[in-house]
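What you are looking at is a predicted structure, and each value in this text was computed from that prediction instead of being measured.
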Amino acid sequence: MIEIKTSDNNTIKKHNILTMRTENILVIGANGQIGSALTGYLSNIYGADHIIASDLRPKENHDGVFEVLDVTDAKRLDELVKKHHVTQIYHLAAILSARGEADPLNTWQLNTQTYFNVLEVARANGIKKIFFPSSIAVFGDHVDRNLAPQHAVLYPTTVYGISKAASENWSNYYYKRYGMDIRSVRYPGIISYQSLPGGGTTDYAVDIFHKAVKGETFTCFLSEDTYLPMIYMDDALRGTVELMEAPADNLSIRTSYNLSGISFSPSELTASIRKWHPDFEIIYQPDFRQSIADSWPKAIDGSTAKQDWGWQPRFDIDAMTKEMLEKLGEKYRRSILEI
Ligand code: NAD
Ligand code: SER
């Protein structure tokens, strides 16, 4: 057992590196906000040759193994699993909350059919572990919005949330019925600099940093006092791998764990940004995403994750803001990011 340092010099928990080097991990939806950061993070831990990134289209400048995969195509998924002797699957492909409302039936179809493809191909091929990302969107009416508990009645109000809540239950079903080792977290809104987010209600909290770094005024689609659960990408990635590497016997949740991070409103985030950019300006023009945000909790209780596998977030709002402004500032200066 050793401690592993990521490229960001963060230490993740002790793992058996010999065991980890025998894993071959397929990441589906690898070009998205999480996948762009996760593939590099997993490569640092398991070895780049052991990570197979996949998405609808190849990604420019991708180092390492990449396969084009539309995961609605179960046959192609099966071929890739066999070709690369895949032992674990991280299934990230989905249509997110705000974009999903534009076409509810297609969103339900895409989000659930792709997950069934993953579950069935994994079952047929004896895949050892699956990671499924759920969301704070599973919560809705009749939950304590000040601190949504691990165990709550789920009345999601978006098709995205409905698809995630259903998928959580299917994860538990496949675990109980077939003994499959499926692990999942309910991510808060994720804040990251690596790539732009893809159609979520929490996206304002990423877009705002791009405007701040460019010296532009930000128009926020949520009201100034809308609190939502959020998490910095470093914490999200570390939590994900800590859960995936936790001893199976420690896990009491086979639907999805609340992954707590931080909670703030647009006006609190603005105040944090102004510590480094005092002239930063924001205006508020709430749109249809306000009602989605209003149906979600302000914060979530991560105590079950803490108890079962030691979850502890590290980034508070100012630590996150400082790093986001630094990293995006560097990116824009080097003109790496397409504006
Ligand atoms: P994203 O929209 O940025 O990326 C999704 C990726 O999936 C895209 O690269 C897209 O091309 C790919 N994709 C879509 N359809 C596909 C298909 N048929 N076959 C293969 N690939 C396909 O999303 P993200 O923010 O990276 O989120 C990843 C997962 O995490 C999603 O399931 C999302 O619901 C979940 N999640 C994200 C957040 C967040 O704040 N980013 C929060 C909670 C949960
Ligand atoms: N960040 C995601 C969204 O806003 C939450 O799952 O859709």
Does atom NZ of K298 have more than 12 heavy-atom neighbours, drawn from other residues, nucleotides or ligands, at distances under 6.0 Å?
no
For S265 and E224, test the side chains for any donor-to-acceptor distance below 3.5 angstrom and give the result as yes or no.
no
Between R145 and A293, which heavy-atom pair has the shortest distance, and what is it?
NH2-O, 3.6 Å
Centre-to-centre under 6.0 Å for F132 and Y115, is that the case here?
yes
Residue from L325, T321, T270 passing side-chain contact (heavy atoms from CB on, under 4.5 Å) with H277:
L325
Quick one: does F264's side chain get under 4.5 Å of M320's, heavy atoms only?
yes
Is a side-chain donor-acceptor pair under 3.5 Å present for E168 with Y173?
no
Do other residues, nucleotides or ligands put more than 12 heavy atoms under 6.0 Å from the NZ atom of K129?
yes
For Y155, is the OH atom crowded, meaning more than 12 foreign heavy atoms sit under 6.0 Å from it?
no
Counting N and O atoms only, with roles assigned by atom type, does the side chain of N117 sit under 3.5 Å from a partner on the main chain of T72, one being a donor and the other an acceptor?
yes
Can you name the nearest heavy-atom pair linking P286 to S223, along with the distance?
CG-N, 3.9 Å
Can you give me the closest heavy-atom contact between S263 and E268, atom names plus distance?
O-OE1, 4.1 Å
Answer with yes or no whether the side chains of N125 and K82 bring together a donor and an acceptor at under 3.5 Å.
yes
Is it true that the side chains of H210 and E216 contain a donor and an acceptor less than 3.5 Å apart?
no
So which of D294, I300, I292 actually passes side-chain contact (heavy atoms from CB on, under 4.5 Å) with W296?
I292
Are D73 and K75 within salt-bridge range, i.e. N to O under 4.0 Å?
no
Would you indicate whether the side-chain heavy atoms of I231 and I191 approach each other to under 4.5 Å?
no
Is there a path of hydrophobic side-chain contacts, each under 4.5 Å between heavy atoms, that joins V86 and F66?
no
Please check if any side-chain donor atom of T87 sits under 3.5 Å from a side-chain acceptor atom of E23, or the reverse.
yes
May I ask you to establish whether R254 and Y175 are in a cation-pi arrangement, using a distance under 6.0 Å from NZ or CZ to the six-membered ring centre and at most 45° from the ring axis?
yes
Could you go through S272 and D318, starting from their C-alpha distance and side-chain angles, then the distance that decides it, and tell me whether this counts as side-chain hydrogen bond (donor to acceptor under 3.5 Å, both in side chains)?
CA-CA 6 Å; S272 179; D318 283 344; 2.7 Å; yes
Grab the two heavy atoms, one from S291 and one from F288, that are nearest each other, plus how far apart they are.
OG-O, 3.1 Å
Side-chain H-bond candidate by donor/acceptor type, Q150 with S303, under 3.5 Å
no
Here the pair of heavy atoms bringing Q194 nearest to K331 is O-NZ, 3.0 Å
Can we call the ring centroids of F116 and W170 under 6.0 Å apart?
yes
Checking side-chain polar atoms at under 3.5 Å, does D308 have a donor or acceptor matched by the opposite partner on Y257?
yes
Can you tell if the side chain of E101 reaches within under 4.5 Å of the side chain of R289, non-hydrogen atoms only?
no
Minimum heavy-atom distance I51-V65, with the two atoms named
O-CB, 3.6 Å
Test: D181 and R183 ion pair at under 4.0 Å:
yes
Can a donor-acceptor pair be found between the side chains of T240 and Y187 at a distance below 3.5 Å?
yes
Evaluate the side-chain hydrogen bond (donor to acceptor under 3.5 Å, both in side chains) criterion for residues Q88 and Y46: first the C-alpha distance (whole Å), next the side-chain angles of each, then the deciding distance (0.1 Å), finally the verdict.
CA-CA 12 Å; Q88 296 187 21; Y46 297 88; 4.7 Å; no
